[in-house]
Amino acid sequence: MEPVVQFDNVNKSYGKHVAVDNLNLSIEAGKFVTLLGPSGCGKSTSLRMLGGFETPTSGRIMLSGKDVTRVPPNKRNVNIVFQDYALFPHMSIAKNIAFGLELKGFDNQRIHRRVSELLELVQLQDYAARLPAELSGGQRQRVALMRALAPDPDVLLLDEPLSALDAKLRQQMQIELKAIQEKTGKTFMFVTHDQEEALTMSDTIVVMNKGRIEQMGDPNTLYGRPGSVFVANFIGETNLLRSTVISSEGDVAALNWNGITITANPGGLAPRHGEHLYVVLRPEAIHCSAAEPVSGNRVKGKIRQRVFKGNHTSLMVEVGGGAMLNTLVHPSDVAQLGGEDIWLGWKPETTTVIPDRHAHN
Amino acid sequence: MVNSNTIAGDAAGRSASIPKYSTGIARIVNSAIYRHTLGAAVESPIGRVILLAGVPLIWLVMLHIGPIYQMLKISLLSHYPAQPGVESHFTFDNYAIFFRESLYFTPLIKSFIFATAATAATLVVVYPVAYYVAKIVKPEGRSKALLLLLVPFWAGELIRTFSVIMLLANRGAVNVLLREIGLIDRPIPMLYTSFSLGFGLVYLICLYMLLPLYSAIEKIPGQYLDAAADLGAGPFTRFRRIILPLSKDGIVSGCSLVFLTCIGVFATPMLLGGPNTVMFPETISGFFHGASDKWPVGAAFALIMLVTALIAAGIFMRLVGGKKGSAI
Amino acid sequence: MRNMVSDAPRTTLTAFYWAFILYLLLPLTLMMAMSFKDANFVAFPIGDWTLDWYAKVMQDKQFLEACLYSIMIAAASTLAATTLGTWIAMLIVADGIRGRTIIFALACLPAVVPGMISAISLRIFISTIDMPTGTAAIILGHTVHAVPFVVVMALTRLRSMPRNLVDAARDLGADGVVAFFRVTLPYLGPALFGGMIFCVLLSIDDFVRTFFLGGYRPTLPMLIFAKVQGGMSPEINAMATIVLVVTAAVGLYAEFITRRARTR
């Protein structure tokens, strides 16, 4: 099937500053795609280029098979949910939602039906006549979403729409957004710097850094098999073990990390002796125990810091050579560890190996 | 089906009818007339620039600069408006006249002295009022306190000037009151003097001073004063060392505004002033309402006045050292 | 928090404020009082009170015509100034405009040029373009005078406008023109309304421009000026009182509207 959105070699620079650097991206219809990255990584610029508010310096943007690179925003079938919602303050909720429909030339009856249907989708039927100022943040968020959905866009763009909400409401809205996306079957293109938001809602995450795509994939892959140090650091908490290759054969590589020998699966890398590698070790993959584990990688360490976080306790453990490992323990298991000196173990298959040359961060 | 009924049912409490949407917009935007005119213009980058900048730039150049430019041009001509049989040529004579004749020189000096004095008087009178409203009145009462000060502003120049006559005339309120309590036997002639003109000018323009001062003083954080008081500064020291320097911007814009207004006041001197208070505007006006061939002289004089007034205001701003360009 | 140190200045300043209010309101009050005087000369004390002067003014054809004429000029110049001022403000805030500061300075120019000079330059200007003195010239002059105030008021409001609003309108299918009329203009509404009332008051109040640009038909200030120069009569007081009450009511109403809009 043809992708609904396609960026072909898209560049955008402001003077000397390169905001988007040779972006190639295609998005399948009906998917929830998230552009994830720190501020200034080019994700918002990409979104605004798709919306028609910025023109690429070079390259081509296709929407439903048509070249829209230079089409103004009012002539392309995409709609944006803005960060601050941008609801028209002088119009009622119903009028806000109807704005795009009025411009499409629908008759009164048809506009009314569509507005009612959308208001109902977010249970705001009783608020139709209110002004945006009379609504709560979450309600405004829903109205902005419905206003953008009303004209039935090919793609719905969401520019960090949850950042103005408090933590609790944000989680609730994440679930609601995903539900609405599934119910309507629309393609959502969501921009955020919040990795948790991205992991919760997305079918596909596109991690961006310095105007380029670092890695693209489903949340599981990105979390479990990060392709670069940047991605590993950006998504979730992680331990990065910079190691030297001792030997490598097929799926097993023996590595030297701080004088400790560990094994890992080098994937398709086939590293040579003496080469440097990063091993990505997630805190939850480490098993802590009082006794030495019988198999897998293991290392002895001393607990330097404990941070109680409710459903788990985070331990900072110093291992040989002054290196620290971040690990998680269930609160009830902390007591079983005995003293401060503990063993840490992990299975080689829970780790991922990243070549050092990707570490341009 | 069920859903749309429930919505209609919910709305029935207020009104059973469907809300009215602006369906006409699409009809306008999609009409051939619109698409070929405005619609086409906003689509193209050049059209957009013309649509946005065309009228404003034409207006600004034609009517904000144009008149001053024409005035400059005519001030350098020997004759205007053109008369049959007389050749008009380029000359600096109209400016020279001003410096040759003290008859013209004196009114300008007088205008400046008057405007300066009126500005200073207004500053002294209005400052405490602005301070009172901005700092002593509680925030919720401030708009009311300001509103009370704004009332005369709506009366307009002439009516305010006229009302001053009621106060100062020979049989006006002040003289009648003074006679009633036996302080004087004969009315003090106050009207048509420098005093009545000064009084009237201050009365006319005090609000131009009030608003800039008020907004400058209001911005001074109250903690500064508390901190200074805490360090042992008395009310006078606090005023001199903190409030006055921090309200400098307001003083500069207020004074410039008042000064420039005073210089250009035309009707008030004619109504309140006497033969000794002929101001420069009245002098200039003579060139336009007498024999019309004096226009170039009038234009030259108006320019002299404009330039000296702006220079004076500029020097003042520089001296006091407020932010540049904060006159308005 | 009151303390001993600040009490004395506080009392003095309060007294000063009220004295100032008295100074502002006393002449106007006296003027209004005089309009009820039952004698055909202006002098205190008032003695007998009457409403005759009002009856006379209301039948004065000259006065009524001058009122209508002033209102007509005010309406026309306000409409023109609001349109132009808003347009200029839109240009100043537009993206990618070079020389923003110069445009702004130009727009403010008529507000810093003393009224008398502005009037003369306009008189010369209309003569150079062969425009006769009279209604059109007055309207032009008043418009030039009012534009800077509209620009400043519109700019203040425009700068507080979330820029996404226009983007949102464009995103939903509005072109620049539709976005302006459906989103920007309603957003500017309260500020423009306040600005318009201000323009009306400026125009009705203006004497010096009208004096130089006008023809034989007197506007309100011209009529009052001529009457004052012709000699005092309580009739003038009655006229001035009517004008004052009406303009103050309009001003108060505008203040109320803009204040309500600001808190919204």
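Bear in mind the structure is a predicted one, so any value in this text is a computation, not a measurement. Within every chain, numbering begins at 1; the chains are lettered A, B, ... in the order of the sequence lines, protein sequences first and strands thereafter.
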Novice: Please classify the contact between B:Ile159 and chain C as side chain, backbone, both or neither, with a heavy-atom cut-off of under 4.5 Å.
Specialist: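 B:Ile159 touches chain C through backbone and side-chain heavy atoms alike.
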Novice: So C:Leu28 and B:Met166, do their side chains get closer than 4.5 Å, heavy atoms only?
Specialist: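 B:Met166 vs C:Leu28: side chains apart.
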Novice: For B:Val137, which atoms come within 4.5 Å of any heavy atom of chain C: side chain, backbone, both, or neither?
Specialist: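 Neither part.
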Novice: Does a side-chain heavy-atom distance below 4.5 Å link C:Pro27 with B:Phe162?
Specialist: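 When only atoms from C-beta onward are counted, B:Phe162 and C:Pro27 do not touch, as no gap falls below 4.5 Å.
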Novice: Working to the nearest 0.5 angstrom, can you tell me the gap between C:Ile124 CD1 and B:Ile68 CD1?
Specialist: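 Nearest 0.5 Å value for the CD1-CD1 distance: 10.0 Å.
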Novice: Taking the side chain as C-beta and beyond, is there a heavy-atom pair between B:Tyr69 and C:Ser121 under 4.5 Å?
Specialist: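 Of all side-chain heavy-atom pairs linking C:Ser121 with B:Tyr69, none is under 4.5 Å.
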Novice: Pick one of side chain, backbone, both or neither for B:Thr161, based on which atoms fall under 4.5 Å of a heavy atom in chain C.
Specialist: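 When you check distances to chain C, no heavy atom of B:Thr161 falls under 4.5 Å.
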Novice: Looking only at heavy atoms, what is the nearest atom pair of B:Leu51 and C:Trp87, with distance?
Specialist: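 In this case the closest contact between B:Leu51 and C:Trp87 is O-NE1, 3.1 Å.
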Novice: Between C:Ile224, C:Val113, C:Thr29, C:Thr101, who has the most heavy-atom pairs with chain B when the cutoff is under 4.5 Å?
Specialist: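 Going by pairs under 4.5 Å, I would pick C:Val113.
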Novice: Could you tell me which portion of B:Leu207 (side chain, backbone, both or neither) has an atom closer than 4.5 angstrom to a non-hydrogen atom of chain C?
Specialist: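 Looking at B:Leu207, nothing touches chain C.
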Novice: Quick check for you: among B:Ser163, B:Ala130, B:Gly264, which has the greatest number of heavy-atom pairs under 4.5 Å with chain C?
Specialist: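 When all of B:Ser163, B:Ala130, B:Gly264 are compared, B:Ser163 has the most.
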Novice: Would you call B:Trp59 and C:Val147 a side-chain contact if the rule is heavy atoms closer than 4.5 Å?
Specialist: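 B:Trp59 reaches C:Val147 side chain to side chain.
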Novice: Any chance you could measure B:Ile25, atom CD1, to C:Phe181, atom CZ, to the nearest 0.5 Å?
Specialist: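 Between atom CD1 of B:Ile25 and atom CZ of C:Phe181 there are 11.5 Å.
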Novice: Do C:Arg123 and B:Trp295 come close enough that some side-chain heavy atom pair is under 4.5 Å?
Specialist: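 Heavy-atom side-chain distance check passes, below 4.5 Å.
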Novice: Heavy-atom distances under 4.5 Å only: say whether C:Ile204 touches chain B with side chain, backbone, both or neither.
Specialist: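 C:Ile204 has no heavy atom closer than 4.5 Å to chain B.
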Novice: Start with the C-alpha gap between C:Ser127 and B:Gln70, add the side-chain angles, then the distance that decides, and say whether side-chain contact (heavy atoms from CB on, under 4.5 Å) holds.
Specialist: CA-CA 10 Å; C:Ser127 140; B:Gln70 293 292 357; over 6 Å; no
Novice: Using non-hydrogen atoms and a 4.5 Å limit, figure out which bit of B:Ala169 sits close to chain C: side chain, backbone, both or neither.
Specialist: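 Neither part.
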Novice: With a 4.5 angstrom heavy-atom cut-off, could you sort out which part of C:Phe20 is near chain B: side chain, backbone, both or neither?
Specialist: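 When you check distances to chain B, only side chain atoms of C:Phe20 fall under 4.5 Å.
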Novice: What residue in C:Leu84, C:Ile129, C:Val250 has the most heavy-atom pairs under 4.5 Å with chain B?
Specialist: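 Among C:Leu84, C:Ile129, C:Val250, the one with the most close pairs to chain B is C:Leu84.
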Novice: Flag the pair C:Tyr17 / B:Leu149 as yes when at least one side-chain heavy-atom distance between them is below 4.5 Å, and no otherwise.
Specialist: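 Heavy-atom side-chain distance check passes, below 4.5 Å.
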Novice: For chain B, find which of C:Gly176, C:Gly85, C:Ala248, C:Gly173 contributes the most heavy-atom pairs closer than 4.5 angstrom.
Specialist: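 Highest number of pairs under 4.5 Å: C:Ala248.
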Novice: Find the one option among B:Ser143, B:Pro67, B:Gly156 whose heavy-atom pairs under 4.5 Å with chain C are most numerous.
Specialist: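 Heavy-atom pairs under 4.5 Å are most numerous for B:Pro67.
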Novice: How about C:Leu22: does its CG atom have over 12 heavy atoms from other parts shown lying under 6.0 Å from it?
Specialist: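 Counting other residues, nucleotides and ligands, CG of C:Leu22 exceeds 12 neighbours.
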Novice: Should C:Phe212 and B:Ser285 count as side-chain neighbours, where that means a heavy-atom distance under 4.5 Å?
Specialist: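 Heavy-atom side-chain distance check passes, below 4.5 Å.
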Novice: Could you check which of B:Thr261, B:Leu147, B:Val164 has the highest count of heavy-atom pairs closer than 4.5 Å to chain C?
Specialist: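 Most heavy-atom pairs within the cutoff with chain C belong to B:Leu147.
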Novice: Could you look at C:Phe211 and say if it's the side chain, the backbone, both or neither that has a heavy atom under 4.5 Å from chain B?
Specialist: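 Both parts, backbone and side chain.
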Novice: Tell me, side chain or backbone of B:Ala145 under 4.5 Å from chain C's heavy atoms, or both, or neither?
Specialist: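 Looking at B:Ala145, backbone and side chain both touch chain C.
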Novice: Could you go through C:Met116 and B:Ile263, starting from their C-alpha distance and side-chain angles, then the distance that decides it, and tell me whether this counts as side-chain contact (heavy atoms from CB on, under 4.5 Å)?
Specialist: CA-CA 8 Å; C:Met116 168 72 189; B:Ile263 283 277; over 6 Å; no
Novice: Under a 3.5 Å distance rule, please check whether B:His64 uses its side chain to pair with a backbone N or O of C:Leu106 as donor and acceptor.
Specialist: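 Yes, because the side chain of B:His64 sits within donor-acceptor range (under 3.5 Å) of the backbone of C:Leu106.
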Novice: Report the distance from atom CG of B:Leu148 to atom CG of C:Leu24, rounding to the nearest 0.5 Å.
Specialist: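 It comes to 8.5 Å.
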Novice: Might you point out which heavy atoms bring C:Ile103 and B:Leu60 nearest each other, and give the distance in Å?
Specialist: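 Nearest heavy atoms, C:Ile103 then B:Leu60: CG2-CD1, 3.7 Å.
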Novice: Would you mind telling me which of C:Ile92, C:Val177, C:Val208 has the largest number of heavy-atom pairs within less than 4.5 Å of chain B?
Specialist: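 The residue among C:Ile92, C:Val177, C:Val208 with the greatest pair count is C:Val177.
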Novice: Evaluate the side-chain proximity of C:Met90 to B:Pro56: yes if any heavy-atom separation is below 4.5 Å, no if none is.
Specialist: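 Answer no - side chains too far apart.
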Novice: Could you look at C:Ser118 and say if it's the side chain, the backbone, both or neither that has a heavy atom under 4.5 Å from chain B?
Specialist: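 Contact with chain B involves no heavy atom of C:Ser118 at all.
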Novice: Given heavy-atom pairs under 4.5 angstrom as the criterion, report whether the side chain, backbone, both or neither of B:Cys262 touches chain C.
Specialist: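 Neither part; nothing is under 4.5 Å.
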Novice: Using non-hydrogen atoms only, which part of C:Phe198 is less than 4.5 Å away from chain B: side chain, backbone, both, or neither?
Specialist: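 For C:Phe198, the contact with chain B is made by the side chain alone.
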Novice: Taking every heavy-atom pair that is under 4.5 Å apart, which of B:Arg48, B:Met270, B:Arg160 has the most such pairs with chain C?
Specialist: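 Answer, by heavy-atom pair count under 4.5 Å with chain C: B:Met270.
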Novice: Quick check on B:Tyr131 against chain C: is it the side chain, the backbone, both or neither that has a heavy atom closer than 4.5 Å?
Specialist: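 The side chain, not the backbone.
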Novice: Would you call the rings of C:Tyr23 and B:Tyr203 parallel, tilted or perpendicular, taking 30° and 60° as the class edges?
Specialist: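 Perpendicular: the ring planes of C:Tyr23 and B:Tyr203 meet at over 60°.
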Novice: I need the residue from C:Thr83, C:Ile126, C:Leu140 with the largest number of non-hydrogen atom pairs under 4.5 Å to chain B.
Specialist: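 The residue among C:Thr83, C:Ile126, C:Leu140 with the greatest pair count is C:Leu140.
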Novice: Tell me, side chain or backbone of C:Thr143 under 4.5 Å from chain B's heavy atoms, or both, or neither?
Specialist: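 Answer is both: backbone and side chain atoms of C:Thr143 are under 4.5 Å from chain B.
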Novice: At a heavy-atom separation under 4.5 Å, does B:Tyr127 approach chain C through its side chain, its backbone, both, or neither?
Specialist: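 Nothing of B:Tyr127, per the 4.5 Å heavy-atom cut-off to chain C.
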Novice: Sort out for me which of C:Met239, C:Arg182, C:Met32 touches chain B most, counting heavy-atom pairs under 4.5 Å.
Specialist: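 Max contact count across the listed options: C:Arg182.
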Novice: Between CG of B:Leu158 and CZ of C:Phe225, what distance do you get to the nearest 0.5 Å?
Specialist: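 Taking CG in B:Leu158 and CZ in C:Phe225, the distance rounds to 7.5 Å.
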Novice: Determine whether B:Ile74 and C:Thr128 satisfy the following criterion, side-chain contact (heavy atoms from CB on, under 4.5 Å), listing intermediate values before the conclusion.
Specialist: CA-CA 9 Å; B:Ile74 281 165; C:Thr128 57; 3.7 Å; yes
Novice: With rounding to the nearest 0.5 angstrom, report the CG to CG distance, C:Leu122 to B:Leu63.
Specialist: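 Between C:Leu122 CG and B:Leu63 CG, I get 7.0 Å after rounding to 0.5 Å.
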Novice: Using a 6.0 Å cut-off, check whether atom NZ of B:Lys135 has over 12 heavy atoms from anything other than its own residue.
Specialist: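 Buried by this count: over 12 neighbours within 6.0 Å.
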Novice: Roughly how far, to the nearest 0.5 Å, is the CG atom of C:Leu91 from the CG atom of B:Leu57?
Specialist: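 It is 5.5 Å, given to the nearest 0.5 Å.
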Novice: Step by step, would you call C:Phe16 with B:Tyr132 a ring pair (Phe, Tyr, Trp, His ring centres under 6.0 Å)?
Specialist: CA-CA 9 Å; C:Phe16 195 89; B:Tyr132 173 80; 9.5 Å; no
Novice: Heavy-atom cut-off 4.5 Å, strictly under: side chain, backbone, both or neither for B:Ile165 against chain C?
Specialist: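 The answer is the side chain of B:Ile165.
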